[in-house]
K.L.:
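Take a look at the following structure, please.
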Amino acid sequence: MNRLAPLAAALQRGEPIEIDGALFDMDGTIVDSIPAVEDAWQIWAAEHGLPAPSATMHGKTARAVVRASGLAVADQARAEARLAEIEARPGQRLRSLPGAHALLEAMPEGRWGVVTSAAPTVAVARLQATELPAPAFRVTGGDVTQSKPAAEPFLLGMRHLADRGHAGVVIAFEDTVAGATSATAAGCLVIGVLGTDTRAQLEGCAHVVVDSLERIRVEHSGDRLLIRIS
């Protein structure tokens, strides 16, 4: 039996489970940035005379978006830099998603981080704009060679937790199929959060699906970290 199956079943019954740490996707999971992302795609595509990227590109890096656009290889590096520049621009439509601030505030320091496909500058800008608690670490699109849905981003996030002494069960929160697939492949216990992809889509790759982070409860005492779904 999959070692995570009993833990997933316990969560679905509303029972608390003990975990070692948590990894959070950013866009669409803790930050309501999907409109901002799509605005950036529209601006970038118009500048390059291309159709806007499809919704299937959510959760993927700027590099993946550029490669999928069909631009000539010689033009891709400059186009990727331009997309990151647009995505980090000030004045975007950004806010934290329901339950995100309270959940992150409840997490013990050093026991959680952000794993995002966004470029480093974009990740910093968006997290600061929403005034969410600062993570112990960030894994961004610039830190990996293989982006979501490959396992590398979440494997790196788990390594950061292990370096801090938290190498057991890691829970991951994701809103897209690409992200949930990545987290599952890395060995995380994955909670899909509705908002970008559908419940049916997320149920195919996440262990549990919730409609909002407002349903997540965290308790900790000493080294014990418990999480449950209310």
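Atom set for the values below is all heavy atoms of this structure, side chains included, hydrogens, waters and symmetry mates excluded.
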K.L.:
Does the side chain of Arg224 reach to within under 4.5 Å of the side chain of Leu226, using non-hydrogen atoms?
P.N.:
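The answer is yes, as the side chains (C-beta and beyond) meet within the 4.5 Å cut-off.
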
K.L.:
Could you tell me which non-hydrogen atom of Pro53 sits nearest to which non-hydrogen atom of Val65, and how far apart they are?
P.N.:
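So the minimum-distance heavy-atom pair works out to CG-CG1, 3.6 Å.
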
K.L.:
Say whether, by atom type as modelled, one donor and one acceptor occur between the side chain of Thr184 and the main chain of Ala180 under 3.5 angstrom.
P.N.:
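A pair under 3.5 Å: yes.
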
K.L.:
Would you say Asp32's side chain and Ser96's backbone share a donor-acceptor pair under 3.5 angstrom?
P.N.:
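Side chain of Asp32 to backbone of Ser96: no pair is present.
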
K.L.:
Compare all side-chain heavy atoms of Thr140 with those of Val124 and state whether any distance is below 4.5 angstrom.
P.N.:
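In short, these two side chains do not touch, never coming nearer than 4.5 Å.
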
K.L.:
Does Ile216 belong to the same Ile/Leu/Val/Met/Phe/Trp/Tyr cluster as Ile30, with side-chain heavy atoms less than 4.5 Å apart forming each link?
P.N.:
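Yes, Ile216 connects to Ile30 through the hydrophobic network.
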
K.L.:
Is there a path of hydrophobic side-chain contacts, each under 4.5 Å between heavy atoms of I/L/V/M/F/W/Y residues, joining Val209 to Ile171?
P.N.:
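In one cluster with Ile171: Val209, no.
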
K.L.:
What distance do Asp39 atom CG and Glu87 atom CD have between them, rounded to the nearest 0.5 Å?
P.N.:
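Asp39 atom CG to Glu87 atom CD measures 11.0 Å (nearest 0.5 Å).
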
K.L.:
Would you indicate whether the side-chain heavy atoms of Val31 and Leu97 approach each other to under 4.5 Å?
P.N.:
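Of all side-chain heavy-atom pairs linking Val31 with Leu97, none is under 4.5 Å.
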
K.L.:
Carefully, step by step, assess Cys188 and Met158 under the rule side chain to side chain contact (heavy atoms under 4.5 Å, CB included).
P.N.:
CA-CA 8 Å; Cys188 297; Met158 293 171 76; 3.7 Å; yes

K.L.:
Is it the case that more than 12 heavy atoms not belonging to Asp223 sit under 6.0 Å from its CG atom?
P.N.:
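Incorrect, the count does not exceed 12.
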
K.L.:
Using every non-hydrogen atom in the two residues, find where Pro133 and Leu104 come nearest and quote the distance to one decimal.
P.N.:
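Looks like CG-CB, 3.9 Å.
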
K.L.:
Where is the tightest heavy-atom contact between Pro153 and Val144, given as atom of each residue plus distance?
P.N.:
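What the structure gives for the nearest pair is CA-CG1, 3.9 Å.
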
K.L.:
If you count heavy atoms of other groups shown closer than 6.0 angstrom to CZ of Arg78, is the number above 12?
P.N.:
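Open.
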
K.L.:
Does any part of the side chain of Leu23, heavy atoms only, come nearer than 4.5 Å to the side chain of Val114, both counted from C-beta?
P.N.:
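Answer no - side chains too far apart.
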
K.L.:
In chain order, what residues pass the ring-ring contact (aromatic ring centres under 6.0 Å, His included) check against His166, with sequence neighbours excluded?
P.N.:
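Residues passing ring-ring contact (aromatic ring centres under 6.0 Å, His included) with His166: none at all.
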
K.L.:
From Leu83 CG over to Gln76 CD, what is the distance, rounded to the nearest 0.5 angstrom?
P.N.:
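Here the interatomic distance stands at 12.0 Å.
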
K.L.:
Is any side-chain heavy atom of Pro108 less than 4.5 Å from a side-chain heavy atom of Leu225?
P.N.:
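Yes, their side chains come closer than 4.5 Å.
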
K.L.:
Between Glu38 and His58, does a side-chain hydrogen bond (donor to acceptor under 3.5 Å, both in side chains) hold up when you go through it step by step?
P.N.:
CA-CA 9 Å; Glu38 294 181 347; His58 282 302; 2.8 Å; yes

K.L.:
Taking Val37 as the starting point, is it possible to reach Leu132 by hopping between hydrophobic residues whose side chains are less than 4.5 Å apart?
P.N.:
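No; tracing contacts between hydrophobic side chains, which count when under 4.5 Å, never links both residues.
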
K.L.:
I want to check something: taking the side chain as every heavy atom from C-beta on, are Val169 and Glu18 in contact at a cut-off of under 4.5 Å?
P.N.:
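No - every pair of side-chain heavy atoms lies 4.5 Å or more apart.
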
K.L.:
Answer yes if Ile17 and Met107 sit in the same cluster of Ile, Leu, Val, Met, Phe, Trp and Tyr residues linked by side chain heavy atoms under 4.5 Å apart, and no otherwise.
P.N.:
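Cluster IDs for Ile17 and Met107 match.
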
K.L.:
Would you call the rings of Trp112 and Phe24 parallel, tilted or perpendicular if under 30° counts as parallel and over 60° as perpendicular?
P.N.:
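Perpendicular.
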
K.L.:
Nearest 0.5 Å, please: how far is CD in Glu152 from CZ in Arg159?
P.N.:
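Arg159 CZ to Glu152 CD: 8.0 Å, rounded to 0.5 Å.
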
K.L.:
Can you tell me how far the CG atom of Leu213 sits from the NE2 atom of His101, to the nearest 0.5 Å?
P.N.:
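Reported to 0.5 Å precision, the distance equals 13.0 Å.
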
K.L.:
Would you say Trp44's side chain and Ala79's backbone share a donor-acceptor pair under 3.5 angstrom?
P.N.:
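Judged by distance alone, yes, a pair lies under 3.5 Å.
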
K.L.:
Ignoring hydrogens and angles, state whether a donor on the side chain of Gln12 or His207 is under 3.5 Å from an acceptor on the partner side chain.
P.N.:
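There is no such pair between these side chains.
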
K.L.:
Might you point out which heavy atoms bring Ala64 and Ser147 nearest each other, and give the distance in Å?
P.N.:
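Reported closest heavy-atom pair: CB-OG, 4.4 Å.
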
K.L.:
Report the distance from atom CG of Leu189 to atom CG of Leu11, rounding to the nearest 0.5 Å.
P.N.:
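Between Leu189 CG and Leu11 CG, I get 6.0 Å after rounding to 0.5 Å.
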
K.L.:
Looking only at non-hydrogen atoms, find the nearest pair between Asp25 and Asp27 and report the distance.
P.N.:
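Heavy-atom minimum between the residues: OD2-O, 2.9 Å.
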
K.L.:
Applying the side-chain contact (heavy atoms from CB on, under 4.5 Å) test to Ile229, which of Glu15, Arg217, Arg215 qualifies?
P.N.:
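When Glu15, Arg217, Arg215 are each tested with Ile229, the side-chain contact (heavy atoms from CB on, under 4.5 Å) holds only for Arg215.
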
K.L.:
Under the side chain to side chain contact (heavy atoms under 4.5 Å, CB included) rule, what do Val66 and Asp75 come out as? Steps first, then yes or no, please.
P.N.:
CA-CA 9 Å; Val66 171; Asp75 297 328; over 6 Å; no

K.L.:
Does a side chain donor of either Asp175 or Thr29 reach within less than 3.5 Å of an acceptor in the other side chain?
P.N.:
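Distance-only check passes for Asp175 and Thr29.
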
K.L.:
If we ignore hydrogens and angles and just use 3.5 Å, is the side chain of Arg164 paired with the main-chain N or O of His160 as donor and acceptor?
P.N.:
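Yes.
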
K.L.:
Which pair of heavy atoms, one from Ser54 and one from Trp41, lies closest together, and at what distance?
P.N.:
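Looking at all heavy atoms of both residues, the shortest contact is O-CZ3, 3.6 Å.
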
K.L.:
Is Ser33 reaching over with its side chain to a backbone N or O of Ala36, donor-acceptor style, under 3.5 angstrom?
P.N.:
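Between the backbone of Ala36 and the side chain of Ser33 there is no qualifying donor-acceptor contact (under 3.5 Å).
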
K.L.:
Can you measure from OG (Ser117) to CE (Met57) and round to the nearest 0.5 angstrom?
P.N.:
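Answer rounded to 0.5 Å: 9.5 Å.
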
K.L.:
Counting C-beta onward and ignoring hydrogens, is there a side-chain heavy-atom pair between Glu219 and Arg228 closer than 4.5 Å?
P.N.:
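Glu219 reaches Arg228 side chain to side chain.
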
K.L.:
Verify side chain to side chain contact (heavy atoms under 4.5 Å, CB included) between Lys148 and Val115, making sure each step is shown before the conclusion.
P.N.:
CA-CA 10 Å; Lys148 303 173 186 179; Val115 178; 4.1 Å; yes

K.L.:
Are the side chain of Thr130 and the backbone N or O of Leu127 linked by a donor-acceptor pair below 3.5 Å?
P.N.:
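Checking the backbone N and O of Leu127 against the side chain of Thr130, a donor-acceptor pair under 3.5 Å is found.
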
K.L.:
Should we count CZ of Arg63 as having more than 12 external heavy atoms under 6.0 Å?
P.N.:
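Incorrect, the count does not exceed 12.
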
K.L.:
Applying the 4.5 Å side-chain criterion to the ILVMFWY set and letting contacts propagate, would Val190 and Leu194 be lumped into a single cluster?
P.N.:
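Val190 and Leu194: separate clusters.
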
K.L.:
Yes or no on side chain to side chain contact (heavy atoms under 4.5 Å, CB included) for Leu161 and Asp20, after CA distance, side-chain angles and deciding distance?
P.N.:
CA-CA 8 Å; Leu161 286 171; Asp20 283 80; over 6 Å; no

K.L.:
I'd like to check Thr116 versus Val139 (side-chain heavy atoms, cut-off strictly below 4.5 Å). Are they in contact?
P.N.:
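A side-chain contact is absent here, since even the closest heavy-atom pair is not under 4.5 Å.
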
